[in-house]
Amino acid sequence: MNTALEILQERGFIKQCTDLEALDALMGTGPVKFYVGVDPTGKSLHVGHMVPFFAMHHMQEAGHSPIALVGGGTSMIGDPSGKSEMRQMLTIEQIQENAQAIQKQLARVVDFDESRGAGKAVMLNNYDWLGGLNYIEFLRDIGKHFSVNRMLTFESYRQRLERGLSFIEFNYQLLQSFDFLTLFRNEDCRLQMGGDDQWGNIVAGVELIRRTERKECFGLTFPLVTRSDGKKMGKTEKGAVFLDPELFSPYDFFQYWRNVADADVVRFLKMFTFLPIEQIDELGKLKDAEINRAKEILAYEQTKIIHGVEEADKAIEAARAAFSVSGSAAVDKEGLPSIEIEASLLDEGINVLDLFVMTDLCKTKSDARRLVQQGGAVINDQKVDTIGLIIDAARVVDGEMMLRAGKKRYFRVIVRS
RNA sequence: GGGGAGGUUCCCGAGUGGCCAAAGGGGGCAGACUGUAAAUCUGUUGGCGUUGCCUUCGAAGGUUCGAAUCCUUCUCUCCCCA
């Protein structure tokens, strides 16, 4: 039987730990409460946020108790770690709202259900103890444990010193450490996990607890997940790969994973799916074109976790249909993004450019014009390269038209009669 | 509070009176090559009614036949001094 840490290790989740052996020993003696911070700065998480929560999942599976800590108080301040801009400050109401939306998304990976009993995940908000903090007391009890000299040696602050760092941002580390201390006191939380950019803050928390409570707690960080093509994880030209299907369709979500670089497949399978490690190793042996099978599995599993089995099935079918040799042959196209238009619109015909702009394929008519000029516009597998072309009902097949921009972007236009 | 340097298109960054919808790079999009990969090469990259017109160079005014470029005021950022 693998311990939780071994599982994390073999799946590539561990970057640094304050004391791996001691932590392993502690976790061997029984369930351990641990926490991960969540930013409530948006109403949806995106895949770049998910690493800690997948780790949380494995920890929970192994019997430990997760706490998702919403940074309601801290996000009203801004964290300087690695960021060049000050964070936008939010109102308590916005944060509350975001936190609820986020919890729903987390529930796809972590179990918040009451029926789970002791091991269930809980969500707390640090606004509860930061909101009414007394400045003098805080300085006296917490502030005295921090050395400015030491803090200035932290890489994250060093960088910011060059660009400018406001005093409240500088305090972030104290607040995060105080969070850990509070969770330790109130919940007996012994471990904080987070991205590697949080290392400094996490260690600061461990030290604070050691000084004030004379107890050893632990910190563990995850590697910053990058894509081997150098792009940021979870970012696309269209913006972040959100988990919210309203913001990022399940089909596009599937495609995002389907299109990861070869070099990333195994790593991502380990971190972002729950497939057994043996199966992943097998998939890792695939070479060249074969590796596409592994990518498809990655995309399917990930979509299944986040959007559910039905959406995953639709997405994989749609993708297969769209990319099969026969082009957009009549297979299941359910999962493709689509719009509906009135049949009457086609009575007089509609300009190709306008048609493409109606879909999400082109943003402006100039954009559409370029697409057509460069030969990237396709309707029902027929290239359209005439700018003024009028599209009418003759193009409709089985009540719809399948538009394509370039090789990969599809869009269904469903004609309502 | 005093002094200095700046704010240019998605980003970085050139441009100091007309040749500027604005160099170059990055990124994006499209094409070729492929495996729905990477790398590479080519084209393209403000909008529209496209041999033209409209909006854009922090904001508002002004000078000028003509301004991203000059002047005034405002505003924001950074640096130095207090």
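So you know, we letter chains A, B, ... as the sequences are listed, proteins then strands, and number each from 1.
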- line: By salt bridge (Lys or Arg N to Asp or Glu O under 4.0 Å), A:Glu97 pairs with (sequence neighbours left out) none

message: I'd like the C1' distance from B:rG62 over to B:rU45, given in whole Å.
response: 35 Å

- request: May I ask you to say what A:Ala405 touches in the nucleic acid, namely base, sugar-phosphate or nothing, with a heavy-atom cut-off under 4.0 Å?
  value: sugar-phosphate

- request: Output the single nucleotide from B:rG49, B:rU36, B:rG31 whose closest atom is nearest the side chain of A:Lys407.
  value: B:rG31

Whichever of A:Gln255 and A:Gly406 has its nearest RNA chain B nucleotide further upstream toward 5': A:Gly406

message: If I pick the P atom on B:rG15 and the same atom on B:rG58, what distance separates them, to the nearest angstrom?
response: 15 Å

field: Nucleotide of B:rG47, B:rG35, B:rG49 approaching A:Asp288 most closely (side-chain heavy atoms)
entry: B:rG35

query: Considering only the C1' atoms, how many Å lie between B:rG7 and B:rC19, rounded to the nearest integer?
result: 27 Å

- prompt: Is the shortest side-chain N/O distance from A:Arg404 to OP1 or OP2 of B:rA30 below 4.0 Å?
  reply: no

- line: Taken to the nearest whole Å, CD1/A:Ile291 to P/B:rU36 is 13 Å

statement: As its Watson-Crick or G-U partner within any shown strand, both distances under 3.5 Å, B:rU16 has none

message: Between B:rA60 and B:rA67, how far apart are the two P atoms, rounded to whole Å?
response: 15 Å

- line: Residues pairing under salt bridge (charged side-chain N to carboxylate O under 4.0 Å, His left out) where one sits in residues 174-185 of chain A, two or more places apart or in two chains, turn out to be A:Arg185-A:Glu213

- request: Quick one: closest heavy-atom pair of A:Val372 and A:Val384, and the distance?
  value: CG1-O, 3.5 Å

query: Watson-Crick or G-U wobble partner for B:rC33, using a 3.5 Å limit on both distances?
result: none

field: Whole angstrom value for the distance that separates P of B:rC29 from CG of A:Leu403
entry: 18 Å

message: Output the rounded distance in Å from NZ (A:Lys408) to C1' (B:rU34).
response: 11 Å

statement: By the Watson-Crick or G-U definition, both distances under 3.5 Å, B:rG52 is matched with B:rC48

message: Distance check, C1' atoms only: B:rC20 and B:rA68, in whole angstrom units.
response: 9 Å

- prompt: Between A:Phe254 and A:Leu371, who's closer to the 5' end of RNA chain B by nearest nucleotide?
  reply: A:Leu371

field: P spacing across the pair B:rG28 / B:rC11, given as an integer number of angstrom
entry: 15 Å

Enumerate all atom pairs, one protein N or O and one N or O from nucleotides 40-43 of chain B, separated by less than 3.5 Å.
| unit_1 | atom_1 | unit_2 | atom_2 | d |
| --- | --- | --- | --- | --- |
| B:rG43 | N2 | A:Gln374 | OE1 | 3.0 |
| B:rG43 | N2 | A:Gln374 | NE2 | 3.2 |
| B:rG43 | N3 | A:Gln374 | OE1 | 3.1 |

message: Considering every strand and a 4.0 Å limit on heavy-atom distances, what is the contact class for A:Arg258: base, sugar-phosphate, or nothing?
response: base

- prompt: Does any N or O donor sit under 3.5 Å from an N or O acceptor when you compare the side chain of A:Gln373 with the base of B:rU44?
  reply: no

query: Got a salt bridge between A:Glu296 and A:Arg293, using NZ or NE/NH1/NH2 to carboxylate O under 4.0 Å?
result: no

- request: Could you measure between the two P atoms, the one in B:rG52 and the one in B:rC74, and give it in whole Å?
  value: 42 Å

query: Can the ring centres of A:Phe180 and A:Tyr35 be said to be less than 6.0 Å apart?
result: yes

message: Expressed as a whole number of angstroms, how long is the span from A:Trp257:CH2 to B:rA37:P?
response: 18 Å

query: Considering Watson-Crick and G-U wobble pairs with both distances under 3.5 Å, what does B:rC10 pair with?
result: B:rG26

field: Under 4.0 angstrom between A:Thr364 side-chain N/O and B:rC48 OP1 or OP2
entry: yes

field: Distance in angstrom units between A:Asn351 CG and B:rG49 P, rounded
entry: 9 Å

message: According to side-chain hydrogen bond (donor to acceptor under 3.5 Å, both in side chains), who are the partners of A:Ser177, at least two apart in sequence or on a separate chain?
response: none

query: If pairing requires Watson-Crick or G-U wobble contacts with both distances under 3.5 Å, which nucleotide is the partner of B:rU64?
result: none

Test side-chain hydrogen bond (donor to acceptor under 3.5 Å, both in side chains) applied to A:Gln96 - qualifying residues, sequence neighbours left out: none

- request: Sticking with atom C1', work out how far B:rU55 lies from B:rU63, rounded to a whole angstrom.
  value: 23 Å

query: A:Leu361 CG to B:rA30 P: how many Å, rounded?
result: 9 Å

query: With sequence neighbours excluded, what pairs up with A:Asp262 under the side-chain contact (heavy atoms from CB on, under 4.5 Å) test?
result: A:Ile291, A:Lys295

task: Let me know the distance between CZ of A:Phe356 and P of B:rC48, rounded to the nearest Å.
output: 16 Å

Basic-acidic side-chain contact under 4.0 Å: A:Asp381, A:Arg404: yes

- prompt: In whole Å, what is the span from the CG atom of A:Leu286 to the C1' atom of B:rA37?
  reply: 14 Å

message: Side-chain N or O of A:Arg409 versus OP1/OP2 of B:rA30: is the shortest distance under 4.0 Å?
response: yes

field: Any donor-acceptor pair under 3.5 Å from A:Ser44 side chain to A:Phe242 backbone
entry: no

message: So, OP1 or OP2 of B:rG49: does either fall under 4.0 Å of a side-chain N or O from A:Lys365?
response: yes

- prompt: Is there a Watson-Crick or G-U wobble partner for B:rC74 with both distances under 3.5 Å, and which nucleotide is it?
  reply: B:rG58

